[in-house]
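Chain letters run A, B, ... following the sequence lines, proteins first and then strands; every chain starts at 1.
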Protein chains: 2
Amino acid sequence: MDKKKEAIHIVIDPTSGIPYYRQIILQIEMAIADGRLTVGRQLPTVRSLAVDLQVNPNTVVRAYNELEIRGLVNTQHGTGTFISDKRVEMSDVDREQILAQLVRGFVSQSASYGFTVHDIIKYLTDYREEGAL
Amino acid sequence: MDKKKEAIHIVIDPTSGIPYYRQIILQIEMAIADGRLTVGRQLPTVRSLAVDLQVNPNTVVRAYNELEIRGLVNTQHGTGTFISDKRVEMSDVDREQILAQLVRGFVSQSASYGFTVHDIIKYLTDYREEGAL
DNA sequence: TATCATGTACTAGTTTACTATAACACTAAT
DNA sequence: ATTAGTGTTATAGTAAACTAGTACATGATA
């Protein structure tokens, strides 16, 4: 019963249609975004996560690799995979521009579904207050 | 030389890695969003667009079908495809689910650029206060 | 050096996405 | 009824995505 408390608990939904490796990526990204995973924390090992999720180790590897390419995690052969401490070097102006571009695209997309900026803000606020799910 | 002025001019980029049918969808969505395509306007016929883009008719069909499923266009067998005037009927639950899906994807994407939920909320709030949208 | 826990690489099988060919079916105008 | 224009369906080939099985390589530590 006494299960060790994990930094992150990942769950795979085989019926969602979303690839396993992508579900892993999404949940880790979420955890980073909302602060559950902080700099330097070690992710579950490839094998242990593979066993937990009843998935092939290579599927975990694929997820971790993509995260590493994006610079979110650091991988050390023989040691483990850790949340990266280096943030991408960007000026504040660059950051602002990138965020603006992302948000505008998203607002546009949402608008085509009939959602307003207000809807989005409300959802995000609730989302954060719920402890990010 | 005197080419008839089209409501919309679609261009396919075969090198982009984005599926043809999706490129078509995106460009039509954009055109609707910024007012180039208004309610009731007829889209190019399946065949004519297929010829224009040098693409198979079924590729156009696929794009139009997806647009119809989303309620952006109306298709009438034997007549044509038109920009829809009705907004999609959705239950509140469906709306919530779709918004959740959209936002989660966006939060993930933003996280991979180092942005947090807080960053996004702040930007959106400022954005709205500036009267943009 | 030996060992154990870690990530990596090679290979292959299955499924899904994408596009195309060709024939069918509906609508409106003649 | 015929015809011309429209969307639709059935089928299939190719490529890519996805997952898995198995064996290998690296790093820390005793």
Give the rounded distance in Å between these two atoms: [atom1] of [X] and [atom2] of [N].
| X | N | atom1 | atom2 | value |
| --- | --- | --- | --- | --- |
| B:Leu53 | C:dA20 | CG | P | 10 Å |
| B:Glu66 | C:dC18 | CD | C1' | 13 Å |
| A:Leu49 | C:dG7 | CG | P | 10 Å |
| B:Asn65 | D:dA10 | CG | C1' | 14 Å |
| A:Arg62 | C:dC10 | CZ | P | 16 Å |
| B:Leu67 | D:dG7 | CG | C1' | 15 Å |
| B:Tyr64 | D:dT9 | OH | P | 17 Å |
| B:Phe82 | C:dT27 | CZ | P | 13 Å |

With the criterion being N/O to N/O and under 3.5 Å, what pairs connect the protein with nucleotides 12-15 of chain D, and how long is each?
none

- [ ] Using a 4.0 Å heavy-atom cut-off, write out nucleotides 20-30 of chain D from 5' to 3' as B (base contacted by protein), S (sugar-phosphate only) or - (no contact).
- [x] BB---BBSS--
Task: Results of ring-ring contact (aromatic ring centres under 6.0 Å, His included) for A:Tyr21 - residues two or more places apart only - done: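 So A:Tyr21 forms no ring-ring contact (aromatic ring centres under 6.0 Å, His included) with any residue.
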- [ ] Keeping to residues at least two apart or across chains, list the salt bridge (charged side-chain N to carboxylate O under 4.0 Å, His left out) pairs with something in residues 11-24 of chain A.
- [x]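 Found A:Arg22-A:Glu66.
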Partners of [X] by side chain to side chain contact (heavy atoms under 4.5 Å, CB included), sequence neighbours excluded?
| X | answer |
| --- | --- |
| B:Gln76 | B:Thr79, B:Phe82 |
| B:Thr45 | B:Gln42, B:Arg47, B:Ser48 |
| B:Thr38 | B:Arg41 |
| B:Val55 | B:Tyr20, B:Leu53, B:Thr59 |

Open item on the list: So does A:Ile10 get a backbone contact from the side chain of A:Gln27, meaning a donor-acceptor N/O pair under 3.5 Å?
Closed with: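 No, because the side chain of A:Gln27 does not come within donor-acceptor range (under 3.5 Å) of the backbone of A:Ile10.
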TODO: Look at the side chain of B:Thr45 and decide which nucleotide, out of D:dT6, D:dT19, C:dC18, has an atom nearest to it.
DONE: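 Of the candidates, D:dT6 comes closest.
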Task: A:Leu72 reachable from A:Leu49 in the ILVMFWY side-chain graph, under 4.5 Å edges - done: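 Yes, A:Leu49 and A:Leu72 fall within the same hydrophobic cluster.
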Task: salt bridge (Lys or Arg N to Asp or Glu O under 4.0 Å) against A:Glu29, all qualifying residues, sequence neighbours excluded - done: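 With sequence neighbours excluded, A:Glu29 shows a salt bridge (Lys or Arg N to Asp or Glu O under 4.0 Å) to A:Arg70, given in chain and number order.
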